[in-house]
Amino acid sequence: MARTLITSAIPYINGIKHLGNLVGSQLPADLYARYCRARGHEVMFICATDEHGTPAELAAAKAGKPVADYCAEMWQVQRDLADGFRLSFDHFGRSSSPQNHALTQHFAGKLDAAGLIDERTSKQVYSNADGRFLPDRYIEGTCPNCGFADARGDQCDNCTKQLDPTDLIEPRSVISGSTDLEVRETKHLFLRQSLLKDRLDAWIDSQDGWPVLTTSIAKKWLHDGDGLQDRGITRDLDWGIPVRKGDAPWPGMEGKVFYVWFDAPIEYIAATHEWADAQGADADWQRWWRTDKGAENVNYVQFMGKDNVPFHTLSFPATLLGSGEPWKTVDYLKSLNYLNYDGGQFSTSRGRGVFMDQALSLLPADYWRWWLLSHAPESSDTEFTWETFQTDVNKDLADVLGNFVSRVTKFCRSKFGEEVPAGGTWGASETALIETLGTRLKAYQGFMDGIEIRKAAAELRAIWVAGNEYLQDAAPWATFKTDPERAAAQIRMALNLIRFYAVLSRPFIPDAATAMLDGMQADDDAWPDDVKTALEALQPGHVFTVPEVLFAKITDEQRLEWAERFAGQRA
RNA sequence: GGCGGUGUAGCUCAGUUGGUUAGAGCAGCGGAAUCAUAAUCCGCGUGUCCGGGGUUCAAGUCCCUGCACCGCCA
C-alpha cells in the first residue's frame, strides 16, 4: 500500500488565521490527504500550532494570562476552527509538547556533535523595565535618516532605510514604552548552514518536478550574495524549549531557549510522536520519519505559503541532514502564493479580510472550501472578491451540482417513488456518457496526483456538468410520456451519478458529499476503478430519500452586507 | 536600495520544451427545454497576449529595455 506523509505549515498560535492563511497550506493539504485516503493510501496528515517566540509572549501578556495558558486556549480555538473547516488532520499537535522539547534538544545535540553548532557572542538591546532582551522590531525610535518618529529597530517604515537598533534616536521599548535600554552582550548558538550549502544545493538539484516558485526561492538563498548564511537558533526568552544538548545541560546557555524557527519544523516529527503516544502502544511514529525504520518508501509532501519556503528547503533540511541520522526529507514541496482581498492584502494586524471564525459564521465550510480551492493561488497571487465568490459558488455548487441532485431525486420521487426504478436498458447515450466520464476521471486523478488544484477543481466541475448534459439530452421527463421503461433506465443512471459525484467530490466538499451519500443511502463509497461498474452500484429497488437543498444560494443582500462588514477593521 | 514575482477577452485565470485561425469559467447576447434551488442545455469572442527593441523560417512563449502593480529582505 502506498504510504503518504503530509504536513501543512504550522500556524502561529497568536490569533485566528484568515482565509489567505487557510488556502496557503492547511486547506490544500487537507484536499490532498482526503484524496490519498480515498485512493487507498495509508496517510499520516500532520499539523500543529507554532507556539514559541516573542509575539506569543506579548499576546499572552495583553490577554493578561500566563503564556502557557494562553497557548493552550488558542490551540483549542484553532483546533475547533480546523474541525469547522473539516481539516482531517490525523494529529493536530503543539510545538510546545514534551515530545518536541525532547526532539529539538536531540537535534541540537546531534548537530553539535557533527560540528555544526557555533557559539557566538553578540550585542543586543536589553530593556531593564521589561526585564528582557528586545528583538529589533520591538524597539522604536526616531529615524536618524528621515526623522520619522516611529521607526522600528530593523527598518524605518517611512523611508525604508535598513536600521540597526542602536542607530535609533531616543529608542524605546515597544512593549512598555520604556527608554531605559542598554546594550548587553549575549551568547547564542548558530547553526552553521554555510557548511551544508553544497549538500543542500545537491539535494535541491536532485528533486524532480518541484514548482518553480519553490526551487527559485531556495536557489536564491543558496547563491545570492555571500551564499547561505549561518543562522542563530537560540534566543533570550522564557517561553520556549530550553537549550540542552540532547538530554544533557548546555554549559553557558542556561536560561536560553531555541529560536522558534528551529523548533517549529521539528514539530512535524514530534507531532507524529504525539499522535503515536495518543494512539497507544502499537502505534509507531518512526516508520514515518526514519528511513532505517520503515520510512524509506514513504512519499512525503509538504504544503506551505511562499513565505515559508526558505525554512522548508534550507533550514529544516539542514537540521535533518546535518544530524547525520537517517531522517526522512521532503519528496514534494507544494508552495502557494497569496490570496488577496478585494484589491488589497488580507491583513491580520489590520483586521482586513475574512477570518476563519467569521467565515464559518456566514456559510458552511464547503462553500469556502470549494471557492478557495478552485481559486487556489498556485501560479500567482489571486484575488478574492465578494462578487466572484457569490457568482462562482452559486453557479458551481447550487446550480450545477446541487440542482442536479434536486432535479434527479425529485423527478424520480414524483414518477417512480423513492427507490431506484427497474426496467429498461442503457443505450448509446449512456455508453457515450460512461466514456466521457472515464476520460474526465482519468484527467481528474492526474491533476489530483500532481496536486494541480485548480485544474482538478475545473475537471471535477466538468464531471458535474456532464451529468446535466446527459440529463438534458436524455430528457427523461419527455421519454417518460412515451417510453417509461427508457425513462427508468435514464433516471437509474442519474441516481447513480449522484453517488458517483459524492465519492469524487468528497475531498473538496466533504459535508455535501456525505449528505449526498446519506440521501442515496449508499454504503459503497469506494473510489471508482471502473466507471460503468460504479454507475451500477445502486440497483433497482434500492431505496433513497430526497436530500435537503444541498447549497442555498448566496443572495445579493447577503453579499452586499458582507462586503460592507468586512471592508474595514475587524470588530 | 537589493532580490523575486506578476502584467493574456468586461471579471477571475489557463497557456507545457518557441510552431497550425490564443483558451476555460463567470458575466453579456440569442435559442432549446420545462424534471429541478427562475435551476439546465446549445450557439455566439475583430483580445495592439503592458510598451519598445532584438534573436528566429516562426515568440504570449527566448534576450535586452522601459512602464505599472505586488511581495520578500532572515
Side-chain angles (χ1 to χ4, degrees), chain A residues 135-137 145 154-156 159-162 190-191 193 209 212-213 215-221 223-225 228-233 259-262 305-311 314-315 335 337-340 342-345 371 374-385 387-416 447 450 452 454-455 457-459 461-462 464-481 487 490-491 494 546-555:
Chain A
D136 291 354
R137 67 174 186 277
N145 188 50
D154 52 349
Q155 182 180 36
C156 175
C159 68
T160 73
K161 185 177 169 60
Q162 303 271 306
F190 277 71
L191 177 59
Q193 298 183 133
V212 182
L213 184 66
T215 50
S216 70
I217 291 173
K219 284 290 183 181
K220 187 216 156 199
W221 287 76
H223 299 294
D224 195 44
L228 189 62
Q229 298 297 297
D230 294 342
R231 187 180 182 86
I233 58 166
Y259 180 43
V260 60
W261 263 114
F262 183 67
K306 61 184 172 186
D307 51 327
N308 276 335
V309 169
F311 299 103
L314 303 170
S315 304
S335 55
N337 293 281
Y338 295 136
L339 179 69
N340 289 319
D342 216 4
Q345 295 177 64
W371 194 90
S374 62
H375 293 74
E378 292 178 290
S379 54
S380 64
D381 291 355
T382 192
E383 178 92 0
F384 174 93
T385 68
E387 289 79 5
T388 55
F389 176 68
Q390 178 196 21
T391 55
D392 292 344
V393 160
N394 285 352
K395 187 74 180 171
D396 296 348
L397 297 181
D399 297 348
V400 174
L401 178 62
N403 182 58
F404 178 79
V405 174
S406 273
R407 66 194 299 206
V408 170
T409 53
K410 287 179 180 172
F411 179 79
C412 184
R413 180 172 61 185
S414 75
K415 304 300 184 199
F416 300 101
F447 291 137
E452 295 195 68
R454 305 174 75 123
K455 290 181 179 175
E459 199 62 40
R461 186 188 190 282
W464 299 339
V465 167
N468 281 312
E469 288 172 356
Y470 166 75
L471 216 54
Q472 204 66 29
D473 179 56
W477 48 89
T479 51
F480 182 78
K481 293 170 189 164
Q490 291 168 336
I491 224 59
V546 174
E548 294 299 308
V549 165
L550 283 180
F551 298 99
K553 291 200 193 198
I554 299 168
T555 64

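A quick note: this is a predicted structure, and the numbers were derived from the prediction, not measured. Computed from heavy atoms alone, side chains included, the values below leave out hydrogens, waters and symmetry copies.
- Comparing Ala552(A) and Tyr259(A) by the nucleotide of RNA chain B whose heavy atom lies nearest to each, the residue mapping closer to the 5' end is Ala552(A).
- As rounded to whole Å, 6 Å separates atom C1' of U40(B) from atom CG of Asn468(A).
- At whole-Å resolution of the value, NZ in Lys481(A) and P in A33(B) are 11 Å apart.
- Two residues, Tyr338(A) and Leu401(A), neighbour RNA chain B, and the one matched to the more 5' nucleotide by heavy-atom proximity is Leu401(A).
- Between U20(B) and G30(B), the two P atoms lie 35 Å apart (nearest whole Å).
- Using a 4.0 Å heavy-atom cutoff across all strands shown, Lys415(A) reaches no nucleic acid atom at all.
- Between Arg413(A) atom CZ and A36(B) atom P the separation is 10 Å, expressed in whole Å.
- Evaluation of the side-chain contact (heavy atoms from CB on, under 4.5 Å) rule for Ala398(A) yields Phe551(A), Lys553(A) as partners, not counting sequence neighbours.
- Annotation: side chain of His375(A) is in contact with side chain of Asp392(A) (closest heavy-atom distance under 4.5 Å).
- Counting only heavy atoms from C-beta on, Asn403(A) has its side chain closest to A39(B) among U37(B), U40(B), A39(B).
- Between U46(B) and G10(B), the two C1' atoms lie 16 Å apart (nearest whole Å).
- Phosphate contact (OP1/OP2 of A39(B), side-chain N/O of Lys410(A), threshold under 4.0 Å): absent.
- Arg454(A) comes within contact range of the sugar-phosphate backbone alone, with a heavy-atom separation under 4.0 Å but no base atom that close.
- Evaluation of the side-chain hydrogen bond (donor to acceptor under 3.5 Å, both in side chains) rule for Thr479(A) yields Gln490(A) as partners, not counting sequence neighbours.
- Within the 4.0 angstrom heavy-atom criterion, base atoms lie near Leu550(A).
- Here, A58(B) and U6(B) have their P atoms 26 Å apart, quoted to the whole Å.
- Between Leu550(A) and Leu397(A), every side-chain heavy-atom pair lies at or beyond the 4.5 Å cut-off.
- When heavy atoms are screened at a 4.0 angstrom cut-off, Phe551(A) is found touching base atoms of the nucleic acid.
- With both ends at atom P, the span from G60(B) to C49(B) equals 8 Å, rounded to whole Å.
- Applying the ring-ring contact (aromatic ring centres under 6.0 Å, His included) rule to Phe480(A) yields the partners Phe416(A); only residues at least two apart in sequence or on another chain are considered.
- Taking 4.0 angstrom as the limit, Lys553(A) places none of its side-chain polar atoms (N or O) nearer than this to OP1 or OP2 of A38(B).
- Taking only side-chain atoms of Thr388(A), from C-beta outward, the nucleotide of C11(B), U37(B), A36(B) with the closest atom is C11(B).
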task: Give the B/S/- string for nucleotides 24-31 of chain B, one per nucleotide from 5' to 3', where a protein heavy atom under 4.0 Å of the base yields B, of only the sugar-phosphate yields S, and otherwise -.
output: -SS-----

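- Whole-Å rounding puts the Glu452(A) CD to U16(B) C1' distance at 10 Å.
- Contact check for Phe411(A) versus Pro476(A): side-chain heavy atoms found under the 4.5 Å cut-off.
- Centre separation under 5.5 Å together with a plane angle under 30° does not hold for the ring of Phe411(A) and the six-membered base ring of C35(B), so they are not marked as stacked.
- Contacts of Arg407(A) classified as side-chain hydrogen bond (donor to acceptor under 3.5 Å, both in side chains), with partners at least two apart in sequence or in another chain: Asn468(A), Gln472(A).
- In this structure U48(B) sits in no base pair that meets the Watson-Crick or G-U test at under 3.5 Å.
- The partner of C72(B) is G2(B), by the rule that a Watson-Crick or G-U pair needs both atom distances under 3.5 Å.
- Between Phe389(A) and Phe384(A), the angle of the ring planes lies from 30° to 60°, which puts this pair in the tilted group.
- Here the nucleotide nearest the side chain of Lys455(A), chosen from A36(B), G15(B), U37(B), is G15(B).
- Among the atoms of the strands shown, none is found under 4.0 Å from any heavy atom of Val405(A).
- Counting heavy atoms from C-beta outward, Asp396(A) and Trp371(A) have side chains that stay 4.5 Å or more apart.
- Residue Ile554(A) contributes atom CD1, which lies 19 Å from atom P of U37(B) at whole-angstrom precision.
- In this structure, C57(B) forms a base pair with G19(B), meeting either the Watson-Crick or the G-U wobble geometry with both donor-acceptor distances under 3.5 Å.
- Remark: G30(B) base-pairs with C42(B). Criterion, Watson-Crick or G-U wobble with two distances under 3.5 Å.
- Across U37(B), A32(B), U34(B), the shortest atom-to-atom separation from the side chain of Trp477(A) is found for U34(B).
- Glu383(A) has its CD atom 17 Å from the C1' atom of U8(B), to the nearest Å.
- One can place CD1 of Ile233(A) at 19 Å from P of A74(B), the figure rounded to the nearest angstrom.
- A distance of about 29 Å separates the C1' atoms of G4(B) and A9(B), rounded to the whole Å.
- Atom P of nucleotide U12(B) and atom CG of Leu339(A) are separated by 13 Å, given to the nearest angstrom.
- Rounded to whole Å, the P atom of A22(B) lies 15 Å from the corresponding atom of U61(B).
- Comparing G23(B) with G45(B), their C1' atoms sit 11 Å apart, to the nearest whole Å.
- Look at U12(B): its Watson-Crick or wobble partner, with both distances under 3.5 angstrom, is A24(B).
- Residues meeting the ring-ring contact (aromatic ring centres under 6.0 Å, His included) test with Phe447(A), sequence neighbours left out: none.
- Taking the C1' atom of each, U34(B) and U40(B) are spaced 9 Å apart, rounded to whole Å.
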